[in-house]
Amino acid sequence: MNRAQVTDILLEIAVLLDLQGESTFKIRAYQNGARALETISEPLEVLVAEKRLGTIKGIGESLQQKITEMVTTGKLEYYDQLKAAVPPGLLEMLQIPSLGPKKVKAIHDNLGISTVADLEAACKAGRLSILDGFGARTEAKILEGIDYRRKYASKHLLVEAILVAEPILAALKNHPAVQRCSTAGSLRRLKEVIGDVDFVVSSQSPAEVIEFFVNQPGIVTVLAKGDTKSSVILPGGIQADLRVVSDQEYPYALAYFSGSKEHNIVMRHRAIQKGLRLSEYGLFRSAEETRDPALQVPCSSEEDIYKALDLPFITPELREDRGEFTAAEKGALPELISWDDLKGSLHNHTDWSDGQDSLETLAAALVQKGYSYWAVTDHSKAAFQAHGLDEARLKTQLAAVADINKRLEDSGISFRFLTGAEVDIVKTGLDFNDEILSQLDVVVASLHVASQDESENTQRLIAAAQNPYVHMLGHLSGRLLLRREPFKISQQAVIDACADTGTWLELNAQPSRFDLDWRLWVQNRGRGIKCSINCDAHSLVDVEYLRFGIGQARKAWLTKADVINTSNLNELRELLGVKRAKVG
DNA sequence: GCCGTTTTCGGCCCGACTGTTTTCAGTCG
C-alpha cells in the first residue's frame, strides 16, 4: 500500500470508530495520524523499513504497528474487522446533513435501520420520533437532507463558487449597516474544490445584515437564521454561511473562519505558548476562557494577530499547515507570484484544431489585453476528434504564424505568437518525430488516452520528459475535478524525471483541471522544477482562466522566478533553448 | 490513541444553532 491508501484507511477507521461510539480523542488520533503521514517528505516504505515511523509526531505505538502492517502486507486485519462490523449504509447515512455519528448509531441500534432507503421510509412513517432526542422536525430535516443529496453533489468547483459569491459580497459591501466584509473559508484560501461559501461581516446591526443576506436574489432555501449566523442555499445548490460580528472582533473572526482548521490549531497553540488565548472573538491575555475586553491584545487586522504571535502575515492561500509556520519563523515565506506577472500562455488552441478563434482574432484580443506572447499549440494528429494537425497541416500553420508575426512586426506591435504543438503521448511514443518537434518554438506533451496500467502510463510520460525537444508536460494527472479521477500514474516518478531532465511542468489553469495539483508543487519545492501556467485556451473566454491559474500557483507556493511565462519574450526564447542545447 | 519544561495520567480547540428539551446533546464548521 502506498501513502495515499494508508491515509485513506486511517481516515475511514476514524469514521467507523465514530459510528461505534468510540472516544472522540481516539478518533482524532487516527485523523491526526493520517494528517501526519500526508506531510512526511520521505517515502513511507523507507520510514517503515527503517522503523522510523515513531519519530513522526502523532504516530504512536499502535499506529506504527497498523501502518507497518498495511505497508508490508497490503492489508490491515483491524480495519477489515471494523469494516465487517459496520453496515456500509451507515457510512452513506453520515453524508446526510444534520446526521452525525451519534444519531446514525441511535437509529441503527434502536430501529435496526442500515440503509438510506430504510431511513427515508422510517422518516415518512414517523417512526424516528419514538427515539429520545428525535422529533417531527428531525424527520423532516433528514428527508430534506436526503432530497438535497440527491439533487446536488455537495462539492463545487472553485470558479463556480466564486461566481455566485462575488455578487453577494458586492451587495454586502454596499449595505450601509456593513462595516467590513470578506469571503472566508476554503473559497478565500482558493482550494480547487470547495464545500460551501463563507462570508464574514462586521456590523453594529447584525439582525439587519442577516435579514438582507437571506433575502438576496436567487436564494433557494434558508437553512438557518440566528442572531449572528445564517445559512442559505444559493443557486446551483451551493451552501453559503454568513457570520456577523462586531468590528472590533472582525479580524479574529475573519482569521478563524478562513481556516484551515489545521492552520488555526497551530495558531491557538502558539497563543497558548505565549500565555494567550486565541478564539474567533479575540486574542486574550488569559489562560481562562474569556471575552473580557480589558484582557484583549488589540488587533485591528489579521496582520496584527500574526504580529502578536511573532509571525509575519501569512496569506490565506498558504494557510494549510503545510510548512507555512516553519517558513514564517525563518522569515522564509515565499514572495508569491502576483496577479499581473504573466506575460502569456504557452499552451493554447486555435480554430486549426478544436479552438474557436482564428489567429487574427486572438492576436487582436491578446494585444488589447496586454500580453507579450502566446504559443499556438494545437493538437497533433492522434487527437482526431479535436481535428489534430498532421505534419503537413502543421507546416502550413508554421507559415501562417510566421506571416501574422510579420504583420505584427510591420505594425510596430511587439506581441508575438510562438509556434508549437500539444503533441499527444501515444502508445508508441510521441505523435510527431524529433525532426518535426525541433522546428517548433514550444512543445507541450500531453497524455490524453491513458492505459489501465500505471507503470505503462508512467513510463510513457517519463519517456516524453526525456525527449530533448519536449519543453513541458501538459496537465499531468489528466484529472477532471468532480468528474474524472486522475489517470493511473505515479505522478511523483514523472516529477522526478522532469527534475532530472529540466522538463517543465504545466499548471493548467482550466478550473476543472488545475493540474498539476498545488499539493504536489508544495511537496516538490526547492527542486528547481519550473512551472508554466497555461490557460489551455480553446476560446478567448478561457484567457480569463489565467487568473485562477495564478491563484493555484500562489497556493502552490510558487514565486515569479518559478514560473517560466513570467519572463519577457527574449528571456523566454533563451529558456526554450536550454534543454535542446544539451543535446547539441 | 497520542503526548509530555503540567512527563506515565489526564488532558486533548471550541462556540453557535437546532431541536429537543426545561438544561442539554448533537451537529457543524
Next on the checklist: What's A:Y281 touching, base or sugar-phosphate or nothing? Going by heavy atoms closer than 4.0 Å.
Outcome noted: sugar-phosphate
Item to check | Nearest listed nucleotide, side chain of A:H269, among B:dG1, B:dT27, B:dC13 | outcome: B:dC13
Item to check | Nearest-Å distance once atom P is located in both B:dC13 and B:dG4 | outcome: 14 Å
Next on the checklist: Can you tell me if A:T138 touches the phosphate of B:dT20, counting only side-chain N or O atoms and a distance under 4.0 Å to OP1 or OP2?
Outcome noted: yes
Item to check | Exceeds 12 heavy-atom contacts within 6.0 angstrom, atom CG of A:D132 | outcome: no
Checklist entry - Looking across every strand, which nucleic acid part, if any, lies under 4.0 Å from A:A136 by heavy atom: base, sugar-phosphate, or nothing? => result sugar-phosphate
Checklist entry - Roughly how many Å is it from CD in A:Q31 to C1' in B:dG29, rounded to a whole number? => result 14 Å
Next on the checklist: Over all strands shown, is A:L99 touching base, sugar-phosphate only, or nothing at heavy-atom distances under 4.0 angstrom?
Outcome noted: sugar-phosphate
Checklist entry - Which residue lies toward the 5' end of DNA chain B, A:L223 or A:I59, if each is placed at its nearest nucleotide? => result A:I59
Next on the checklist: Could you check whether atom CD of A:E50 has more than 12 heavy atoms from other residues, nucleotides or ligands sitting under 6.0 Å from it?
Outcome noted: yes
Checklist outcome for this item: The single option from A:V104, A:L119, A:V116 that satisfies side chain to side chain contact (heavy atoms under 4.5 Å, CB included) with A:E92 is A:V116
Checklist entry - What interatomic distance, in whole Å, is found between C1' of B:dG26 and the corresponding atom of B:dT21? => result 13 Å
Checklist entry - Strictly by modelled atom types, are A:R527 and A:N524 linked by a side-chain donor-acceptor pair under 3.5 Å? => result yes
Next on the checklist: I want to verify a distance call: between B:dC12, B:dC3, B:dG26, whose nearest atom is closest to the A:K102 side chain?
Outcome noted: B:dG26
Checklist entry - Taking atom P in both B:dT23 and B:dC14, what distance in whole Å separates the two? => result 26 Å
Checklist entry - Distance between the P atoms of B:dT8 and B:dC17, in whole angstroms? => result 41 Å
Checklist entry - Do the side-chain N or O atoms of A:S98 get closer than 4.0 angstrom to the phosphate oxygens (OP1, OP2) of B:dT27? => result no
Item to check | Distance in angstrom units between A:Q64 CD and B:dG1 P, rounded | outcome: 13 Å
Item to check | CA sep, side-chain torsions, deciding dist, call: A:R243, A:E280, salt bridge (Lys or Arg N to Asp or Glu O under 4.0 Å) | outcome: CA-CA 11 Å; A:R243 183 63 174 248; A:E280 64 204 270; 2.7 Å; yes
Next on the checklist: Please classify the nucleic acid contact of A:T228 as base, sugar-phosphate, or nothing, using heavy-atom distances under 4.0 Å.
Outcome noted: sugar-phosphate
Next on the checklist: For the P atoms, the ones on B:dC9 and on B:dG15, what distance do you get once it is rounded to whole angstrom?
Outcome noted: 30 Å
Item to check | Separation of the P atoms in B:dG19 and B:dC12, to the nearest angstrom | outcome: 30 Å
Checklist entry - Starting at CG of A:D198 and ending at C1' of B:dC28, how long is that distance when rounded to a whole Å? => result 11 Å
Checklist entry - Between A:Y306 and A:F313, how do the two ring planes meet: parallel, tilted or perpendicular, split at 30° and 60°? => result perpendicular
Checklist entry - What is the nucleic acid contact for A:R137, judged by heavy atoms within less than 4.0 Å: base, sugar-phosphate only, or nothing? => result sugar-phosphate
Checklist entry - Which part of the nucleic acid, if any, lies within contact of A:D227, taking any heavy atom under 4.0 Å across all strands shown: a base, the sugar-phosphate backbone alone, or nothing? => result sugar-phosphate
Item to check | Nearest-angstrom distance from the residue atom CG of A:D241 to P of B:dT27 | outcome: 18 Å
Checklist entry - Does A:K26 or A:K261 map to a spot on DNA chain B nearer the 5' end, using the closest nucleotide for each? => result A:K26
Next on the checklist: Just to be sure I understand the rule, does A:I27 reach a base, reach only the sugar-phosphate, or reach nothing, if contact means heavy atoms closer than 4.0 Å?
Outcome noted: nothing
Item to check | Side-chain donor/acceptor contact of A:Y256 with base of B:dG29 under 3.5 Å | outcome: yes
Item to check | Whole-angstrom distance between B:dA16 and B:dG11, as gauged at atom C1' | outcome: 25 Å
Item to check | No-H, no-angle donor-acceptor pair, A:R28 side chain to B:dC12 base, under 3.5 Å | outcome: no
Checklist entry - B:dG1, B:dG29, B:dC17: which one has an atom nearest the side-chain heavy atoms of A:D196? => result B:dG29
Checklist outcome for this item: Scanning all shown strands, the Watson-Crick or wobble mate of B:dT8 with both distances under 3.5 Å is none
Item to check | Crowding at CG, A:D247 (>12 non-hydrogen neighbours, <6.0 Å) | outcome: yes
Item to check | Residue-phosphate contact under 4.0 Å: A:R243 side-chain N/O, B:dC17 OP1/OP2 | outcome: no
Next on the checklist: OP1 or OP2 of B:dG1 versus the side-chain N and O atoms of A:K66: is any pair under 4.0 Å?
Outcome noted: yes
